[in-house]
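To start, the structure itself, in structure tokens.
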Amino acid sequence: MDEKIIYEYCLLRYVADIERGEFVNIGLMMMSKRYRWMRCELNIDAQRISALFRNPDIDRLRIQSSLFTRHDVPSPDITVEERYRWLAAVKSAIIQTSPSHPGLLSLPAPFTRQEAIHLLDTQFHSLFHRLVL
């Protein structure tokens with residue numbers, strides 16, 4: 001019998017002009033509470049962004065987006081789900097997140113934590129390549 005692995009993910013979006021609301025996906029953040037696992041990756045393609053937006057501030061974008069990949073933001077001693085919720089919260093800034101989406105994976109039972117993490121990593125890469133690159 002298969003066991004389920006529940007995860008959540010959201011896209012990180014660069015919003016060049018908040019009033020216009022236009023965006024380009026620049027990253028993915030994914031979390032599994034049960035396995036205390038979280039991953040975030042960015043792809044800031046300056047050429048693509050410059051083709052879509054007039055005068056984008058790429059340096060500012062790189063600085064602000066780097067906060068999503070640091071493990072001490074907002075605090076080094078919070079749980080994975082607290083960190084994910086804090087980072088995924090709605091913001092009025094040049095970096096915004098999509099609504100959080102649930103996901104479900106399955107593995108034949110019994111499986112190890114390492115196998116679950118490997119499956120989460122594989123799913124992360126699949127989503128990143130499909131939704132961000």
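Not measured: the values here are computed from a predicted model.
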#### Entry: Contact summary for A116 and F111, nearest pair of heavy atoms
CB-CE1, 3.7 Å
### Query
Do I94 and V73 sit in the same hydrophobic cluster, where Ile, Leu, Val, Met, Phe, Trp and Tyr count as joined when their side-chain heavy atoms come under 4.5 Å apart?
yes
### Task
Using a 4.5 Å cut-off on heavy atoms from C-beta on, say whether the side chain of I63 contacts that of R60.
no
### Query
In terms of hydrophobic clusters joined by side-chain contacts under 4.5 Å, are I117 and M29 together?
no
## Note on the structure
Sequence neighbours excluded, the answer for salt bridge (Lys or Arg N to Asp or Glu O under 4.0 Å) partners of R85 is E8
### Within-4.5 Å side-chain heavy-atom neighbours: R83 and M38
yes
### Query
Between the side chain of R113 and the main-chain N/O of Y35, is any donor-acceptor distance below 3.5 Å?
yes
### Task
Can you measure from NE2 (H71) to SG (C40) and round to the nearest 0.5 angstrom?
9.5 Å
### Task
Test side-chain contact (heavy atoms from CB on, under 4.5 Å) on L119 and L107 and set out the steps.
CA-CA 8 Å; L119 188 58; L107 273 175; 3.6 Å; yes
### Query
What about L11 and M31, same hydrophobic cluster or not, with Ile/Leu/Val/Met/Phe/Trp/Tyr joined at side-chain heavy-atom distances under 4.5 Å?
no
### Message
I'd like to know if the side chain of Q64 and the backbone of L61 have a donor-acceptor N/O pair within less than 3.5 Å.
### Response
no
### Task
Measure the CG-OG distance between L42 and S66 for me, rounded to the nearest 0.5 Å.
8.5 Å
#### Entry: Side-chain (S75) to main-chain (I78) donor-acceptor, under 3.5 angstrom
no
Show the atom names and distances, to 0.1 Å, of all donor-acceptor pairs under 3.5 Å that link a side chain in residues 123-133 to residues at least two apart or in another chain.
unit_1: Q123; atom_1: NE2; unit_2: Y7; atom_2: OH; d: 2.9
unit_1: H125; atom_1: NE2; unit_2: R39; atom_2: NH1; d: 3.4
unit_1: H125; atom_1: NE2; unit_2: R39; atom_2: NH2; d: 3.4

## Note on the structure
Between the CG atom in L52 and the CG atom in D45, the distance rounded to the nearest 0.5 Å is 9.5 Å
### For L67 against L87, the heavy-atom pair lying closest together
O-CD2, 4.4 Å
### Summary
In this structure, CG of D59 is separated from CG of D57 (nearest 0.5 Å) by 6.5 Å
### Summary
R62 and A46 have their tightest heavy-atom pair at NH2-CB, 4.1 Å
### Query
When rounded to the nearest 0.5 angstrom, what distance separates OG in S106 from CD1 in I6?
11.5 Å
### Task
Verify the cluster assignment for L12 and W37: are they in a single hydrophobic cluster under the rule of side-chain heavy atoms below 4.5 Å apart?
no
### Task
Could you check if a side-chain atom of I49 sits within less than 4.5 angstrom of a side-chain atom of I44, using non-hydrogen atoms only?
yes
#### Entry: Pairs touching residues 20-37 that satisfy salt bridge (charged side-chain N to carboxylate O under 4.0 Å, His left out), sequence neighbours left out
E3-R34, R20-E22
### Task
Check the side chains of S100 and Y84 for a donor-acceptor pair under 3.5 angstrom, ignoring hydrogens and angles.
yes
### Query
Yes or no on side-chain contact (heavy atoms from CB on, under 4.5 Å) for V15 and I95, after CA distance, side-chain angles and deciding distance?
CA-CA 6 Å; V15 182; I95 301 172; over 6 Å; no
### Query
Any chance NE2 of H118 has more than 12 other-residue heavy atoms, nucleotides or ligands included, within less than 6.0 Å?
no
### Query
Got a second to check how far Q114's CD is from T112's OG1, nearest 0.5 Å?
5.0 Å
#### Entry: Exam field: side chain S50 to backbone Q47, donor-acceptor pair closer than 3.5 Å
no
### Query
Heavy-atom distance under 4.5 Å between the side chains of S32 and V80, does that happen here?
no
### Task
Ignoring hydrogens and angles, tell me if any N or O in the side chain of R13 forms a donor-acceptor pair with the backbone of I26 under 3.5 Å.
no
### Task
Please lay out, stage by stage, how L120 and I5 fare under the test side-chain contact (heavy atoms from CB on, under 4.5 Å).
CA-CA 8 Å; L120 286 163; I5 299 171; 3.9 Å; yes
